[in-house]
Amino acid sequence: MLHKEGELVLVSLQLGDCLQEDSLADLRLQRGSQVSLRMAHVSIHWFRKGLRLHDNPALLAAMKNCAEIYPIFILDPWFPKNMKVSINRWRFLIESLRDLDESLKKLNSRLFVVRGRPAEVFPELFMKWKVTQLAFEIDTEPYARQRDAEVVRLAAEHGVQVIQKVSHTLYDTERIIVENNGKAPLTYTRLQTLLASLGPPKQPVPAPNLEDMKDCCTPVKEDHDQEYGIPSYEELGQDPKTAGPHLYPGGETEALARLNLHMKRTSWVCNFKKPETHPNSLTPSTTVLSPYVKFGCLSVRMFWWKLTEVYQGRKHSDPPVSLHGQLLWREFFYTAGAGIPNFDRMENNPVCVQVDWDNNQEYLRAWREGRTGYPFIDAIMTQLRTEGWIHHLARHAVACFLTRGDLWISWEEGQKVFEELLLDADWSLNAANWQWLSASAFFHQFFRVYSPVAFGKKTDKNGEYIKKYLPFLRKFPSDYIYEPWKAPRSLQECAGCIIGQDYPKPIVEHEKVYKRNLERMKAAYARRSPNLAVQAKDEVSQKKGVNRKRPEAPIKAKVQAKKVKTKSS
């Protein structure tokens, strides 16, 4: 609309009256012989992890005082060609992008999937669309920081204003580190102390609506899908026929539906204690919202405050075992990943015990492919490969087995496999949990070891979980389902599965190797730095002062801590 002479000249475009691409830059308002132009922003909102409209402050900021907005997702061709990512996770991403595009359509906008490296793509987009503003959600991972710093530099060269907002975590991880004298907190209780001084997380911001878009638009050409459409499986080099069961569809719509469904289970939510959930239940005994939080289809702040509403006025469990507690574990590991150098590797990682792991590729392949000869371990790895998700205690069992428990293979190798196969593979959480379970960092009671036989029996005596994922063992009776190699030959023949022929014998003898590995861990701890020794001492002291159990800790062996001769559980 035009104001009287002398007043600010504003260009206000009603939704649906968007000018064709590039035409807005040529618009001129004549006043006598002079030309006066004062425009609103041309904005790009860059979707990365936050694949949603709700609680997306960067998106709302991009829409403010905006004439044109381009919501983009950048697909770097390097990743499909060089990164090992399972078809299940690619499917989740494709579905999330499709859902996001459909949601944007309801705002008379679209998603632009741009192909190329961000550092090469942005200068072209800045000039092509005459961009004045770029907004995105802060990412704390090392690669993302380096990438974003380069994009910010390029934006400055092109005179583009950059807006960055915190919304993938409950708090600003940099603020937490500053409050902890410039270092990442190394214990959960220390994090809780720091967060108590910061107050509750921010409330989620509402999703944009048509009112927010009334003065801006998204220029869309007829060939939009050909140039900026959602990638196909073929483009990603994937065969959709190889995907596993479609148990967890991607996208914000599915995420919010699942969240609301769980929040209606008020008693379950209030009584939730993660250590009491079962790793081998036939249906998930937890929320399985982690893939949606990882991709940002579900805001962690939305999750937090929905839980707060359910807890209100009701008796409920508390951190660290409650659902609030699980979100705080995520915050703890995100902060650690942001503040600790080389967090995803052993060498030059200041909090990680240096261990002389073996390099046995045969063992590693057997573990990855579910051919260790231990049905509980192999069933878990089969579920992971086919479905892309396993219970947190199942992750603990196979991680302990691969590392200090049985195979003595580096946690970095297990981290790579999880990064490939898990739908919810998250850089910070993946690295932290592997260090935890290998007793390399955060958790130092290496004498606690999971038994690949006894642990699964605690919650599934008859082995129904094993029978589901290893159906060739389904005819073994419960007395032998966890240790089929002990079954008489005649019984193996009746079951239709000969051990050593149709299913492998155990690749190691657990009762022998874990005792030897305890000696090796003891030696590694003897070589560790004084700082790590102090950290472990502080952890033990804090555990004595807090009357609650760490939910992620393995089951304790029935031994005295000072002794090496132990019995695993």
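It should be emphasised that the depicted structure is a prediction, and the values quoted were computed from it without experimental measurement.
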Polar side chain donor-acceptor pair, H392 to T286, under 3.5 angstrom
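Their side chains do not contain a donor-acceptor pair, so the 3.5 Å distance test is not met.
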With a 3.5 Å cut-off and no angle check, do the side chains of S167 and D55 form a donor-acceptor pair?
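S167 vs D55: no donor-acceptor pair found between side chains.
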With distance as the sole test, does [X] use its side chain to make a donor-acceptor pair with the main-chain N or O of [Y] at under 3.5 Å?
{"X": "E412", "Y": "M346", "value": "yes"}
{"X": "N260", "Y": "L256", "value": "yes"}
{"X": "Q326", "Y": "S322", "value": "yes"}
{"X": "D460", "Y": "G456", "value": "no"}
{"X": "Q354", "Y": "C352", "value": "yes"}
{"X": "E419", "Y": "D426", "value": "no"}
{"X": "N430", "Y": "A425", "value": "no"}
{"X": "E252", "Y": "R52", "value": "no"}
{"X": "R258", "Y": "T287", "value": "no"}
{"X": "R330", "Y": "L327", "value": "no"}

Centroid-centroid distance, [X] to [Y], less than 6.0 Å:
{"X": "F401", "Y": "Y363", "result": "no"}
{"X": "Y465", "Y": "H278", "result": "no"}
{"X": "Y334", "Y": "H168", "result": "yes"}
{"X": "Y188", "Y": "W329", "result": "yes"}
{"X": "Y374", "Y": "W485", "result": "yes"}
{"X": "W268", "Y": "H262", "result": "yes"}

Heavy atoms, side chains only, cut-off 4.5 Å: are [X] and [Y] in contact?
{"X": "L491", "Y": "F476", "answer": "yes"}
{"X": "L407", "Y": "I507", "answer": "yes"}
{"X": "F418", "Y": "I390", "answer": "yes"}
{"X": "W436", "Y": "H396", "answer": "no"}
{"X": "I340", "Y": "L186", "answer": "yes"}
{"X": "N360", "Y": "W367", "answer": "no"}
{"X": "P231", "Y": "W90", "answer": "no"}
{"X": "T169", "Y": "E331", "answer": "yes"}

What heavy-atom pair brings [X] and [Y] nearest, and what distance separates the two atoms?
{"X": "F272", "Y": "S317", "value": "O-OG, 2.6 Å"}
{"X": "L470", "Y": "P375", "value": "CD1-O, 3.5 Å"}
{"X": "F333", "Y": "S428", "value": "O-CB, 3.6 Å"}
{"X": "A394", "Y": "P279", "value": "N-CB, 3.6 Å"}
{"X": "Q492", "Y": "I499", "value": "OE1-N, 2.8 Å"}

Taking salt bridge (charged side-chain N to carboxylate O under 4.0 Å, His left out) as the test, write out the residues that go with [X], two or more places apart.
{"X": "R371", "answer": "E369"}
{"X": "K306", "answer": "none"}
{"X": "R365", "answer": "none"}
{"X": "D479", "answer": "none"}

Can you tell me how far the CZ atom of R89 sits from the OH atom of Y248, to the nearest 0.5 Å?
15.5 Å
Supply the atom-to-atom distance K457 NZ to N462 CG, rounded to the nearest 0.5 angstrom.
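The NZ atom of K457 sits 11.0 Å away from the CG atom of N462.
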Salt-bridge criterion met for [X] and [Y] (N-O under 4.0 Å):
{"X": "E102", "Y": "R98", "value": "no"}
{"X": "E519", "Y": "R516", "value": "no"}
{"X": "R48", "Y": "E141", "value": "no"}

Begin with the C-alpha distance, continue with both residues' side-chain angles, and end with the deciding distance and a verdict on salt bridge (charged side-chain N to carboxylate O under 4.0 Å, His left out) for R395 and D424.
CA-CA 12 Å; R395 302 179 195 202; D424 58 12; 2.9 Å; yes
Test E420 against every option in K84, R385, R368 by the salt bridge (Lys or Arg N to Asp or Glu O under 4.0 Å) rule and name the one that passes.
R368
Could you check whether the rings of H510 and Y514 sit parallel, tilted or perpendicular, using 30° and 60° as the cut-offs?
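Taking Y514 first and then H510, their aromatic rings lie parallel (interplane angle under 30°).
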side-chain contact (heavy atoms from CB on, under 4.5 Å) with K512: which residues, sequence neighbours excluded?
E509
Derivation and outcome, salt bridge (charged side-chain N to carboxylate O under 4.0 Å, His left out), residues K467 and E464:
CA-CA 5 Å; K467 295 173 184 177; E464 298 301 326; 3.7 Å; yes
Given L307, which partner from the list H316, Q312, H324, M302 fulfils the side chain to side chain contact (heavy atoms under 4.5 Å, CB included) test?
H324
Please lay out, stage by stage, how L473 and Y480 fare under the test side chain to side chain contact (heavy atoms under 4.5 Å, CB included).
CA-CA 10 Å; L473 295 177; Y480 295 105; over 6 Å; no
Applying salt bridge (charged side-chain N to carboxylate O under 4.0 Å, His left out) to D358 and R520, what does each step give before you reach the verdict?
CA-CA 11 Å; D358 291 340; R520 299 176 80 173; 3.0 Å; yes
Going by the side chain to side chain donor-acceptor pair (under 3.5 Å) test, which pairs reach into residues 495-505, not counting sequence neighbours?
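Checked against side chain to side chain donor-acceptor pair (under 3.5 Å) - neighbours excluded - the pairs reaching residues 495-505 are D378-Y503.
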